[in-house]
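Read the structure below first, then the notes.
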Amino acid sequence: MDYDIIYKIDKRVIFMSELGNCERCGTVFAKTIRDICPKCYREEEEAFQKVYRFLTKRKNREATLKEIVTATGVEEELIIKFMKQKRLRTSQFPKLAYPCEKCGIDIIEGRLCFNCSSEIKTKFAHYNEMEKRMKERKRKEHESIYYTLKKDND
């Protein structure tokens, strides 16, 4: 549940923010640009630094996601979040990949692999075509209906 906080000084609004629950720990905090509280943000930054320090060592540059999780103890979801935020770039770390949200195959950007994305686009195009045909059919049915006036004989 979100609430607004308004601080007033001399009948002027000087600061307005929204209260919300932290996505990670659930505590209530004044939202700014993040959806997590300052404590969780600091923890995420520490985890990022731990992962980045691990990856910048020459011997670890080709580590996979599973290897990074094992070596650093940082949650897989958090590392994936860093990758999606483009804080960890696959151009710098060639074996760094995360699973497609639909099929689970490793990808380096986006939410879906090429095959799943293509499948969804194909289904969407098919759906649009079917909808277009239905509209055309209804339009033709409406055109083929004839109306007559009935005159009452008195």
Side-chain angles (χ1 to χ4, degrees), residues 1-8 12-143:
M1 180 176 277
D2 295 333
Y3 302 96
D4 287 337
I5 303 174
I6 301 174
Y7 298 95
K8 293 183 179 181
R12 290 178 295 171
V13 176
I14 60 165
F15 179 77
M16 183 176 146
S17 68
E18 194 177 298
L19 280 182
N21 291 45
C22 176
E23 288 182 353
R24 292 189 71 206
C25 68
T27 60
V28 177
F29 74 105
K31 284 187 177 183
T32 54
I33 57 173
R34 296 182 198 92
D35 289 332
I36 58 174
C37 68
K39 180 181 175 244
C40 289
Y41 176 72
R42 281 190 299 277
E43 289 173 4
E44 278 191 8
E45 285 305 303
E46 289 171 10
F48 174 76
Q49 290 302 322
K50 191 176 198 180
V51 169
Y52 193 74
R53 279 193 303 271
F54 173 78
L55 285 171
T56 53
K57 293 179 183 169
R58 174 164 281 173
K59 65 180 181 176
N60 300 329
R61 286 194 183 150
E62 292 192 13
T64 63
L65 183 60
K66 302 280 187 217
E67 293 169 343
I68 297 168
V69 169
T70 303
T72 63
V74 176
E75 299 169 356
E76 185 174 315
E77 293 79 27
L78 197 52
I79 297 170
I80 291 171
K81 180 179 178 180
F82 298 147
M83 292 172 65
K84 288 182 177 179
Q85 291 173 341
K86 298 193 184 320
R87 295 178 73 189
L88 295 175
R89 300 182 188 270
T90 54
S91 59
Q92 294 173 318
F93 312 112
K95 290 189 179 177
L96 196 55
Y98 54 92
C100 166
E101 290 182 11
K102 188 169 185 234
C103 70
I105 193 169
D106 282 347
I107 57 175
I108 58 172
E109 66 180 3
R111 297 174 65 183
L112 301 172
C113 67
F114 178 77
N115 291 338
C116 292
S117 179
S118 296
E119 180 184 335
I120 289 172
K121 286 177 186 175
T122 303
K123 286 181 179 180
F124 187 70
H126 179 71
Y127 172 78
N128 281 341
E129 185 62 34
M130 294 285 286
E131 194 167 294
K132 193 184 297 183
R133 287 182 195 161
M134 292 290 286
K135 284 180 182 178
E136 184 64 26
R137 189 177 303 140
K138 284 182 181 181
R139 187 186 64 76
K140 285 183 179 181
E141 284 175 5
H142 185 68
E143 286 178 355

| said: Measuring from atom NZ of Lys121 to atom CG of Leu112, what distance do you get when rounded to the nearest 0.5 angstrom? | reply: 10.0 Å
| For atom CZ of Arg87, is the number of surrounding heavy atoms from other residues, nucleotides or ligands below 6.0 Å larger than 12? | yes
| field | NZ/NE/NH1/NH2 to OD/OE distance under 4.0 Å, Arg34 and Glu45 | value | no
| said: If I compare all heavy atoms of Ala71 with all of Phe54, which pair ends up nearest, and what's the gap? | reply: CB-CE1, 3.4 Å
| Once you round to the nearest 0.5 Å, how far does SG of Cys40 lie from CZ of Arg24? | 5.0 Å
| query | Which residues satisfy the side chain to side chain contact (heavy atoms under 4.5 Å, CB included) test with Asn115, sequence neighbours excluded? | reply | Cys113
| note | Rounding to 0.5 Å, atoms OH (Tyr41) and CD (Glu46) come to a distance of 11.5 Å
| task | Step by step, work out the side chain to side chain contact (heavy atoms under 4.5 Å, CB included) result for Leu96 and Leu55. | result | CA-CA 10 Å; Leu96 196 55; Leu55 285 171; 4.3 Å; yes
| task | I would like to know whether Lys81 and Glu44 meet side chain to side chain contact (heavy atoms under 4.5 Å, CB included); could you show each step before the answer? | result | CA-CA 10 Å; Lys81 180 179 178 180; Glu44 278 191 8; 3.0 Å; yes
| Interatomic distance, Lys39 atom NZ to Phe29 atom CZ [nearest 0.5 angstrom] | 13.0 Å
| query | Out of curiosity, Glu109 CD to Met83 CE, how far, rounded to the nearest 0.5 Å? | reply | 10.5 Å
| note | Exactly one candidate in Glu129, Glu136, Glu131 meets side-chain contact (heavy atoms from CB on, under 4.5 Å) with Arg133; the answer is Glu129
| Should we count CD1 of Ile105 as having more than 12 external heavy atoms under 6.0 Å? | no
| message | side chain to side chain contact (heavy atoms under 4.5 Å, CB included) for Leu88 and Phe48? Distances and angles first, verdict last. | response | CA-CA 9 Å; Leu88 295 175; Phe48 174 76; 3.7 Å; yes
| query | Hey, does the side chain of Asp35 reach the backbone of Glu23 with a donor-acceptor pair shorter than 3.5 angstrom? | reply | no
| said: Can you give me the closest heavy-atom contact between Ala63 and Ile68, atom names plus distance? | reply: CB-CG1, 3.9 Å
| field | Taking every non-hydrogen atom, the tightest pair across Pro94 and Arg61 | value | CD-O, 3.7 Å
| request: Give a yes or no on this: more than 12 heavy atoms of other residues, nucleotides or ligands lie within 6.0 Å of atom CD of Glu75. | output: no
| query | Any ion pair linking Glu67 and Lys95 (charged N to carboxylate O, less than 4.0 Å)? | reply | no
| remark: Heavy-atom closest pair (Cys100 atom, Ile107 atom, distance to 0.1 Å) is CA-CD1, 3.9 Å
| note | Value for CZ (Arg53) from CG (Asn60), rounded to nearest 0.5 Å, stands at 12.5 Å
